[in-house]
Novice: 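The structure is given below, and queries will be raised subsequently.
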Protein chains: 2
Amino acid sequence: MVILKDSTQMANKTSQGRKRIQIKKIENLSHRKVAFSKRRVGVFKKASELCLLIGAKIGIIVHSVGKCVFAWGHPTADSVVDRFLSGGVDAGRTRENYPVTRTLAGL
Amino acid sequence: MVILKDSTQMANKTSQGRKRIQIKKIENLSHRKVAFSKRRVGVFKKASELCLLIGAKIGIIVHSVGKCVFAWGHPTADSVVDRFLSGGVDAGRTRENYPVTRTLAGL
DNA sequence: TGCTATATATAACT
DNA sequence: AGTTATATATAGCA
């Protein structure tokens, strides 16, 4: 297939859009924060799709370097990760189908 | 931006490549199996990247409908999911950096 | 946070 | 399992 891009518009652009990056720790803090937010959503979304397409159950624990713990799961974060959180931390419930992210205190 | 696709080549193709799909359970078993395999790898890869880029710790439990349980984690599946598997199932260790998928018996 | 150009993931075929 | 055409995810900016 041949793809032609309008050269007049391409020309005067310092290069917008996504660039390739190395998969190694992002040193710049603010960059890292942004990437974390975006990619966390991305992973959860992918997991969500996997659940719905296959009918599997998934639990994900993202243990950020700070102290926040994001948990996601289907049907609920608990049902899959329950025993994981048996320490006594309130796990909360995520909604069915498109579960929401929960921020858990402590841990 | 303007994108022009060569019509002569586009024409005689019954339509290869990826099609858009609905995010709902795939009824066809074999299709579902292959989608499961591919997407499971995809999710784990995304998670892996998130770990490396941000330096976070992640644990994922994929509870397929059958009886297989796939676990993935960084630094190790255990370190994050340890208590989750406290039931006595051998969790095994995943390798550093690019952890491998482990199939756990039971559960 | 929202936008845009691209890098990636992946559905349909082989 | 490997290929190809596209749908998606997202890096760099505003």
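Per chain, numbering begins at 1; letters A, B, ... match sequence-line order. In this text the structure is predicted, and so the values were computed from the model without any measurement.
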Novice: If you look at every heavy atom in A:Ile23 and B:Leu53, which pair is closest and at what distance?
Specialist: CA-CD2, 4.1 Å

Novice: Ignoring hydrogens and angles, are the base of C:dA11 and the side chain of B:Arg20 linked by a donor-acceptor pair under 3.5 Å?
Specialist: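 Per atom types, no contact qualifies.
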
Novice: Using whole Å, report how far CZ of A:Arg18 lies from P of C:dT6.
Specialist: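 After rounding, the gap between these two atoms is 13 Å.
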
Novice: Quickly work out the A:His31 NE2 to D:dG12 C1' distance and round it to whole Å.
Specialist: 8 Å

Novice: Take atom CD of A:Gln16 and atom C1' of C:dT4, then tell me their distance rounded to the nearest Å.
Specialist: 6 Å

Novice: Taking all non-hydrogen atoms of both residues into account, name the closest pair between B:Arg32 and A:Ile54 and its distance.
Specialist: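 The pair with the smallest heavy-atom distance is CD-O, 3.6 Å.
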
Novice: Rounded to the nearest Å, what distance is computed from the CZ atom of residue A:Arg32 to the C1' atom of nucleotide D:dT10?
Specialist: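 Rounding to the nearest Å, CZ of A:Arg32 and C1' of D:dT10 are 18 Å apart.
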
Novice: Output yes when at least one side-chain N/O atom of A:Lys19 is less than 4.0 Å from OP1 or OP2 of C:dT6, else no.
Specialist: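 For C:dT6, OP1/OP2 do not have a side-chain N/O of A:Lys19 under 4.0 Å.
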
Novice: Of all the choices, D:dA9, C:dA12, D:dG12, which nucleotide is nearest to the side chain of A:Glu49 once you look at every atom?
Specialist: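 From the listed options, D:dA9 comes nearest.
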
Novice: Looking only at heavy atoms, which two atoms of B:Ala47 and B:Ile58 are closest? And how far apart?
Specialist: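 For B:Ala47 and B:Ile58, the tightest heavy-atom pair comes out as O-CD1, 3.7 Å.
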
Novice: Check the distance between D:dA9's P and A:Leu50's CG and give it to me in whole angstrom.
Specialist: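 Rounding to the nearest Å, CG of A:Leu50 and P of D:dA9 are 13 Å apart.
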
Novice: Answer yes or no: does a side-chain N or O of B:Lys45 lie under 4.0 Å from OP1 or OP2 of C:dA9?
Specialist: yes

Novice: Please report, rounded to the nearest Å, how far the C1' atom of C:dT1 is from the NZ atom of A:Lys33.
Specialist: 15 Å

Novice: So which atom in B:Ser64 and which in B:Phe36 form the shortest heavy-atom distance, rounded to 0.1 Å?
Specialist: CB-CZ, 3.8 Å

Novice: Just the rounded figure in Å: distance from C1' of D:dT8 to CG of A:Leu53.
Specialist: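 Those two atoms, CG and C1', are 13 Å apart.
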
Novice: Quickly work out the B:Leu52 CG to D:dA11 P distance and round it to whole Å.
Specialist: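 Rounded to the whole Å, the gap is 13 Å.
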
Novice: Starting from the 5' end of DNA chain C, give me the residue, A:Lys46 or B:Val34, whose nearest nucleotide shows up first.
Specialist: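 Result of the comparison: A:Lys46.
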
Novice: Both B:Lys38 and A:Lys38 contact DNA chain D. Which one's nearest nucleotide lies toward the 5' end?
Specialist: B:Lys38

Novice: If you look at every heavy atom in A:His74 and A:Ala56, which pair is closest and at what distance?
Specialist: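 Smallest interatomic distance, heavy atoms only, reads CD2-O, 3.9 Å.
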
Novice: Distance check: side-chain N/O of A:Arg39 vs OP1/OP2 of D:dA11, anything under 4.0 Å?
Specialist: yes

